[in-house]
Amino acid sequence: MVNTITAIMPIEVLLVEDNPGDVQLTRIALEDSKISIHLNVVEDGVEAMAFLRKQGKYAKLPHPDIVLLDFNLPKKDGPEVLAEIKGDENLKRIPVVVLTTSQAEEDILKAYNLFANCYITKPVDFDQFVEIVQSIENFWFAIVKLPPE
């Protein structure tokens, strides 16, 4: 059951992803959502931090309710972005879901040591990718109570 606030206001999602194919797959997976979701996309870690801090062209955009973060990013990598988010008093409560191709134990440990809320390895299969994104949607947007801004 969707609460009345969610029914009125869309869930704001920030996808930090440099692979256009993965961005498109994420969009496709969220299209059939029963929940109103607004997907914002940035392609690198520098843009992610500008978005989160509402700098420049991002000044008037809404604060994200959740961040889907790739670990392999240009300019500023995922671990650096995660460390900045969780080290910033104004951002640290935003749930960060690491969604990346790496299955390396050191990356998984690094993510959790930097206080990622969860770590998910992207499957290469289209149907499995869509299923993963829909699982994220079901858990984080329908079950979990997200923190207020």
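- In the hydrophobic cluster analysis, where Ile, Leu, Val, Met, Phe, Trp and Tyr join through side-chain heavy atoms closer than 4.5 angstrom, L82 is grouped apart from V13.
- The only member of D70, D107, D22 that meets side-chain hydrogen bond (donor to acceptor under 3.5 Å, both in side chains) when paired with T100 is D70.
- Every side-chain contact (heavy atoms from CB on, under 4.5 Å) that F126 has, sequence neighbours left out, goes to L25, I28, V130.
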Problem set entry | Stepwise side-chain contact (heavy atoms from CB on, under 4.5 Å) test for N117 and K86 | CA-CA 10 Å; N117 294 86; K86 295 305 181 177; 3.2 Å; yes
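- Note on K92 versus E84: no salt bridge recorded, every NZ/NE/NH1/NH2 to OD/OE distance being 4.0 Å or above.
- Within the structure, the ring-ring contact (aromatic ring centres under 6.0 Å, His included) test picks out the following pairs touching residues 34-57 (sequence neighbours left out): F51-Y58.
- L91 and L61 fall within the same hydrophobic cluster, defined by Ile, Leu, Val, Met, Phe, Trp and Tyr side-chain heavy atoms under 4.5 Å apart, directly or through other members.
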For this session: Take C118 and F139 through the side-chain contact (heavy atoms from CB on, under 4.5 Å) test and state the conclusion after the steps.
Result: CA-CA 12 Å; C118 68; F139 181 73; over 6 Å; no
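- V67 and I120 end up in different hydrophobic clusters when Ile, Leu, Val, Met, Phe, Trp and Tyr side chains are linked at under 4.5 Å.
- We find that E17 and K122 are joined by a salt bridge, their nearest charged nitrogen and carboxylate oxygen being less than 4.0 Å apart.
- Across every non-hydrogen atom of V81 and A48, the tightest pair is CG1-CB, 4.3 Å.
- The shortest distance between side-chain heavy atoms of L15 and N40 does not fall below 4.5 Å.
- A heavy-atom distance below 4.5 Å is not found between the side chains of K54 and K60.
- In plain terms, the two heavy atoms of L69 and G78 that are nearest each other are CD2-O, 3.5 Å.
- Summarising the geometry of S102 relative to T121, their closest heavy-atom pair is O-OG1, 3.4 Å, with the distance given to 0.1 Å.
- The backbone N or O of L73 lies less than 3.5 Å from no partner atom in the side chain of D77, so there is not a single donor-acceptor pair.
- At least one side-chain heavy atom of R27 sits under 4.5 Å from a side-chain heavy atom of V41.
- Looking at Y112, its side chain does come within 3.5 Å of a backbone N or O of Y119 through a donor-acceptor pair.
- The side chain to side chain contact (heavy atoms under 4.5 Å, CB included) with V16 is formed by just one residue from the set V96, V42, D44, V98; it is V42.
- Counting only distance, with no hydrogens or angles, the side chain of D65 and the backbone of E12 share a donor-acceptor pair below 3.5 Å.
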